[in-house]
Amino acid sequence: MVQPMPQVQIKHRYTNAVLFECEVPDDIESGLHMRHALEKAVSIGASLDGASLVGASLVGASLRNASLDGASLDGASLCGASLRNASLRNASLDGAWLDGASLDGASLRNASLDGALLDGASLDGALLYGASLRNASLDG
C-alpha cells in the first residue's frame with residue numbers, strides 16, 4: 001500500500017487561512033518540511049503575506065524575492081538563508097536567528113527584529129526605515 005506524502009500548510013497568522021499547501025516527499029527530514037514548502041511557494045511566486053512561521057527551521061533556505069509582508073517569523077532559525085530582495089515590510093522577526101543570512105536589497109520597513117541575531121548577516125542595500133533592532137546582535 002502506498003503511503004500518502006505528508007501535507008504542509010502555511011497559514012495566515014491572524015485568520016488561520018491557508019496561504020499555501022503542498023505535499024512533501026518522503027525523503028525530506030520531518031524538521032525540514034516547512035522549509036521545503038516555503039521554498040516551493042517562493043519559487044512559484046506565491047504571496048505569503050501575513051504567514052505564521054513562528055519558530056520555523058529555515059536554515060539555509062532560498063527565499064529570494066519572497067513576499068512575506070506582515071509575516072511572523074519570531075524565533076525562526078534563518079541562519080545562512082537567502083532573503084535577497086525579499087519583502088518583509090511590517091514583519092516580526094523578534095528573536096530570529098539570522099546569522100550569516102543574506103538580506104541584501106530586502107525591504108524591512110517597519111519590521112521588528114528585536115533581539116534578533118544578525119551576526120555576519122549581509123544587509124547591503126536593505127531598506128530598514130522604521131525597523132526596530134532593539135537588543136539585536138549585529139556583530140560582523
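Quantities reported herein were computed from a predicted structural model and do not represent experimental measurements.
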Quick check: does any side chain N or O of Asp99 sit under 3.5 Å from a backbone N or O of Cys79, one acting as donor and the other as acceptor?
no
Kindly write out the residues that satisfy side-chain contact (heavy atoms from CB on, under 4.5 Å) with Asn65, not counting sequence neighbours, or none if the list is empty.
Asn85
Excluding sequence neighbours, so at least two apart, what forms side-chain contact (heavy atoms from CB on, under 4.5 Å) with Ala91?
Leu88, Leu93
Look only at the side chain of Arg35 and the backbone of Ser57, and say whether a donor-acceptor pair between them is shorter than 3.5 Å.
no
Determine whether Asp26 and Pro6 make a side-chain contact, defined as any pair of heavy atoms from C-beta on separated by less than 4.5 Å.
yes
If you define the side chain from C-beta out and look only at heavy atoms, does anything of Phe20 sit under 4.5 Å from Lys40?
yes
Examine Ile28 and Leu58 and state if one hydrophobic cluster contains both, with Ile, Leu, Val, Met, Phe, Trp and Tyr joined whenever side-chain heavy atoms are less than 4.5 Å apart.
yes
Nearest 0.5 Å, what's the CD-CE distance between Gln9 and Met34?
9.0 Å
Spell out, yes or no, whether Val8 and Leu38 are grouped together once hydrophobic residues are joined by side-chain heavy atoms under 4.5 Å, including indirect joins.
yes
Rounded distance (nearest 0.5 Å) linking atom OG of Ser112 with atom CG of Asp94
3.5 Å
Any side-chain heavy atom of Leu48 within less than 4.5 Å of one from Ile10?
yes
Following the transitive rule for hydrophobic clusters with a side-chain heavy-atom cut-off under 4.5 Å over Ile, Leu, Val, Met, Phe, Trp and Tyr, establish whether Leu78 and Leu32 coincide in one cluster.
yes
Which residue pairs pass the salt bridge (Lys or Arg N to Asp or Glu O under 4.0 Å) test when at least one of the two sits in residues 58-87, sequence neighbours left out?
Asp69-Arg89, Arg84-Asp104
Could you tell me the separation between the OG atom of Ser122 and the CG atom of Leu98, rounded to the nearest 0.5 Å?
12.0 Å
Please say yes or no: joined through hydrophobic side-chain contacts below 4.5 Å, possibly via intermediate residues, are Ile44 and Val24 part of one cluster?
yes
Evaluate the side-chain proximity of Leu127 to Leu108: yes if any heavy-atom separation is below 4.5 Å, no if none is.
no
Minimum heavy-atom separation for Gln7 to Glu23, with atom names?
NE2-CG, 2.9 Å
Determine whether a donor-acceptor pair (N or O, by modelled atom type, separation under 3.5 Å) exists between the side chain of Glu39 and the backbone of Ser62.
yes
Identify the two heavy atoms, one from Ala71 and one from Arg13, that lie closest to each other, and give their separation to 0.1 Å.
O-NH1, 3.6 Å
